[in-house]
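Atoms considered below: every heavy atom in the structure, side chains included; atoms not considered: hydrogens, waters and symmetry mates. Just so it is clear, the structure is predicted and the values come from calculations on it, not from any experiment.
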Amino acid sequence: QVQLVESGGGLVQPGGSLRLSCAASGFTSDYYAIGWFRQAPGKEREGVSCLSSSDGTTYYADSVLGRFTISRDNAKNTVYLQMNSLKPEDTAVYYCAAELGARRCPLIKLWPKTSDYWGQGTQVTVSS
């Protein structure tokens with residue numbers, strides 16, 4: 001049974017940083033895409049970042065490029081999203097998501113639709 005458990009959300013001031021963690025378990029495929037999408041109140045889900053297990057290639061939405069970094073610790077089966085220079089428009093519920101069997105990530109804008117599994121989400125609020 002695939003499980004994705006997020007942690008690390010919270011309240012931060014504009015310009016601050018947070019690191020989200022996603023503990024993954026139950027994967028039945030050596031190939032997968034794993035990453036993050038977010039959903040702000042009244043808005044559609046937005047792909048944020050994705051990492052391809054086959055070669056470690058990473059992908060980012062234009063809105064977070066240069067500020068967010070996705071990484072993984074294979075020994076801990078954990079994926080991280082380091083978020084720097086946070087802005088109020090980054091406020092959203094962040095979901096860790098995975099697509100099993102994928103040899104590469106999809107276009108980042110499609111990530112919320114192509115992922116098969118996601119966690120319960122963690123709230124990130126950027127406000128002064």
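Put simply, CD1 on Ile34 and CH2 on Trp118 are 14.0 Å apart, with the number rounded to the nearest 0.5 Å. Here the straight-line distance linking atom OH of Tyr59 with atom OG of Ser52 works out to 6.0 Å at 0.5 Å rounding. To the nearest 0.5 Å, atoms NZ (Lys109) and CD (Glu44) are separated by 12.0 Å. For the atom pair Tyr80 OH and Leu51 CG, the distance stands at 13.0 Å (nearest 0.5 Å).
Within 6.0 Å of CG in Asp30 there are 12 or fewer heavy atoms belonging to other residues, nucleotides or ligands.
Placement of Leu4 and Val124 within a single hydrophobic cluster is found when ILVMFWY residues are connected by side-chain heavy-atom separations under 4.5 Å, directly or transitively. Under the 4.5 Å side-chain heavy-atom criterion for grouping Ile, Leu, Val, Met, Phe, Trp and Tyr, Val48 is not connected to Val5 through any hydrophobic cluster.
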Using atom types as modelled, flag every donor-acceptor pair under 3.5 Å from a side chain in residues 92-105 to any protein atom, sequence neighbours excluded.
| unit_1 | atom_1 | unit_2 | atom_2 | d |
| --- | --- | --- | --- | --- |
| Tyr94 | OH | Arg38 | NH1 | 2.8 |
| Tyr94 | OH | Asp90 | O | 2.6 |
| Glu99 | OE1 | Thr114 | OG1 | 3.4 |
| Arg103 | NH1 | Tyr31 | OH | 3.3 |

Check residues 68-79 and write down every donor-acceptor pair under 3.5 Å in which the side-chain atom is one partner and the other belongs to a residue at least two apart or another chain.
| unit_1 | atom_1 | unit_2 | atom_2 | d |
| --- | --- | --- | --- | --- |
| Asp73 | OD1 | Ala75 | N | 3.1 |
| Asp73 | OD1 | Lys76 | N | 3.3 |
| Thr78 | OG1 | Lys76 | O | 2.9 |

Name the atoms and distances for all side-chain donor-acceptor pairs under 3.5 Å in residues 81-88, with sequence neighbours left out.
| unit_1 | atom_1 | unit_2 | atom_2 | d |
| --- | --- | --- | --- | --- |
| Gln82 | NE2 | Asn84 | OD1 | 2.9 |
| Asn84 | OD1 | Ser17 | OG | 2.9 |

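For Tyr32, there are no side chain to side chain donor-acceptor pair (under 3.5 Å) partners, not counting sequence neighbours. Applying the side chain to side chain donor-acceptor pair (under 3.5 Å) rule to Ser7 yields no partners; only residues at least two apart in sequence or on another chain are considered. Applying the side chain to side chain donor-acceptor pair (under 3.5 Å) rule to Thr58 yields no partners; only residues at least two apart in sequence or on another chain are considered.
Side chain to side chain, Ser63 and Glu46 meet the donor-acceptor criterion of an N or O pair below 3.5 Å. Side chains of Ser127 and Thr125: a donor-acceptor N/O pair is absent below 3.5 angstrom, by distance only.
Side-chain atoms of Glu6 come within 3.5 Å of backbone N or O of Gly121 as a donor-acceptor pair.
Taking the centre and axis of the six-membered ring of Phe37, the NZ or CZ atom of Arg45 falls outside the cone set by 45° and 6.0 Å.
The minimum heavy-atom distance between Trp111 and Ala33, with the atom names listed, is CH2-O, 3.5 Å. Contact record, Leu18 with Val12: CD1-CG1, 4.0 Å, taken as the closest heavy-atom pair.
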